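The shown structure was predicted, so the numbers you read here are calculated from the model rather than taken from an experiment.
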Amino acid sequence: MKEININTKFTAFESINDLPSDIQSLMNLAIETRKNAYAPYSKFRVGAAIELDNGKIVLGSNQENAAYPSGLCAERVAIFQAGAIYPNAKIVTLVITAASDTNPTLSPIPPCGSCRQSIAEYEFKQDTPIEIYFMGESGEVYKSNSIANLLPFSFDKKYL
């Protein structure tokens with residue numbers, strides 16, 4: 001038997017104001033987009049913004065459906081839209097912000113498992129890491145240099 005240790009590394013920013021100005025602008029777009037979420041069931045609104053290597057910005061907000069799990073998270077809305085509209089562009093940065101209509105979200109909220117797998121697919125496809133920043137409605141912002149920090153032992157095409 002052997003023990004396997006996995007180390008991950010994140011950068012923590014005290015608030016959105018401590019982010020580099022370009023990331024601050026991207027996060028502000030995600031915050032505005034979060035307001036467009038369709039979340040009548042969970043009351044949990046998420047906004048995402050993606051910067052592509054061609055300079056384009058793609059936005060997404062979560063879209064729920066009474067027939068669970070037919071809805072989509074903000075991250076996947078943005079990623080799939082980027083893939084559909086700009087299939088040859090690489091995702092450079094993904095920012096995510098989440099807020100609840102019923103409870104304050106004051107700590108960074110990472111992407112769910114399905115979103116992590118989708119982010120991983122695009123990171124593998126483009127063969128370059130995607131910077132991921134995530135936050136609640138306010139407070140600290142965490143930065144990961146790659147999905148590998150959020151999804152160690154990821155599943156990809158090499159296993160198929």
Side-chain angles (χ1 to χ4, degrees), residues 1-16 18-20 22-24 26-27 29-31 33-34 37 39 42 44-53 57-64 68-84 86-100 103-160:
M1 181 177 86
K2 67 178 179 177
E3 187 175 293
I4 299 171
N5 290 307
I6 299 172
N7 296 309
T8 60
K9 182 179 175 183
F10 296 87
T11 304
F13 298 87
E14 232 177 275
S15 74
I16 190 172
D18 296 324
L19 294 171
D22 59 328
I23 303 301
Q24 228 178 87
L26 201 59
M27 189 64 83
L29 285 172
I31 289 168
T33 301
R34 183 180 74 206
S42 71
F44 190 76
R45 301 175 186 284
V46 182
I50 289 174
E51 181 181 5
L52 301 173
D53 66 349
I57 305 295
V58 180
L59 306 173
S61 61
N62 57 315
Q63 302 295 310
E64 293 181 352
Y68 284 100
S70 297
L72 267 183
C73 299
E75 299 92 315
R76 286 182 285 154
V77 168
I79 289 168
F80 297 158
Q81 180 171 248
Y86 306 105
N88 299 315
K90 292 182 178 184
I91 299 170
V92 177
T93 307
L94 165 64
V95 302
I96 307 155
T97 175
S100 170
N103 300 305
T105 54
L106 307 177
S107 60
I109 298 173
C112 74
S114 294
C115 288
R116 292 176 196 207
Q117 183 62 41
S118 295
I119 296 164
E121 183 70 23
Y122 279 78
E123 193 170 282
F124 294 136
K125 173 187 162 197
Q126 68 187 35
D127 196 29
T128 56
I130 298 170
E131 286 187 342
I132 305 165
Y133 293 80
F134 53 97
M135 66 180 289
E137 63 187 287
S138 63
E140 282 189 313
V141 181
Y142 288 175
K143 175 193 175 194
S144 173
N145 291 327
S146 168
I147 192 62
N149 288 321
L150 290 161
L151 188 64
F153 292 115
S154 56
F155 180 82
D156 66 46
K157 65 183 178 184
K158 72 181 174 213
Y159 298 113
L160 300 177

With a 4.5 Å cut-off on side-chain heavy atoms, are [Y] and [X] touching?
X: K157; Y: F124; answer: no
X: I96; Y: I109; answer: no
X: S154; Y: I147; answer: no
X: N103; Y: F44; answer: no
X: V46; Y: E75; answer: yes

Report the distance from atom CG of L29 to atom CG of L59, rounding to the nearest 0.5 Å.
6.0 Å
Atom OH of residue position Y68 - does it have more than 12 heavy atoms of other residues, nucleotides or ligands inside 6.0 Å?
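Enclosed: over 12 neighbouring heavy atoms sit under 6.0 Å from OH of Y68.
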Filter on salt bridge (charged side-chain N to carboxylate O under 4.0 Å, His left out), then keep only pairs touching residues 146-156, sequence neighbours left out; what's left?
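Listed once each, the pairs are D156-K158.
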With salt bridge (charged side-chain N to carboxylate O under 4.0 Å, His left out) as the rule and sequence neighbours excluded, what pairs involving residues 111-136 come up?
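Listed by first then second residue: E131-K143.
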Who pairs with L72 by side-chain contact (heavy atoms from CB on, under 4.5 Å), at least two apart in sequence or on another chain?
R76, V77, F80
Mind checking what makes side-chain contact (heavy atoms from CB on, under 4.5 Å) contact with P104, not counting sequence neighbours?
L106, E137
Run I50 and Y122 through side-chain contact (heavy atoms from CB on, under 4.5 Å) and show every step you take.
CA-CA 12 Å; I50 289 174; Y122 279 78; over 6 Å; no
Give the minimum heavy-atom separation between [X] and [Y], together with the two atoms involved.
X: I16; Y: M27; result: CD1-CG, 3.5 Å
X: A48; Y: T33; result: O-CG2, 4.4 Å
X: A12; Y: E140; result: CB-OE2, 4.0 Å
X: T97; Y: R34; result: OG1-NH1, 2.6 Å
X: S100; Y: T105; result: N-CG2, 3.8 Å
X: Q63; Y: S61; result: NE2-OG, 2.9 Å

According to ring-ring contact (aromatic ring centres under 6.0 Å, His included), who are the partners of F155, at least two apart in sequence or on a separate chain?
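F155 satisfies ring-ring contact (aromatic ring centres under 6.0 Å, His included) with Y159 once adjacent residues are dropped.
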Does Y142 have any ring-ring contact (aromatic ring centres under 6.0 Å, His included) partners at least two apart in sequence or in another chain, and if so, which?
F134
Just by modelled atom types, is the [Y] backbone N or O under 3.5 Å from a matching donor or acceptor in the [X] side chain?
X: N62; Y: A39; value: no
X: Q81; Y: V58; value: no
X: E51; Y: V92; value: no

Start with the C-alpha gap between S114 and C73, add the side-chain angles, then the distance that decides, and say whether side-chain contact (heavy atoms from CB on, under 4.5 Å) holds.
CA-CA 9 Å; S114 294; C73 299; 5.9 Å; no
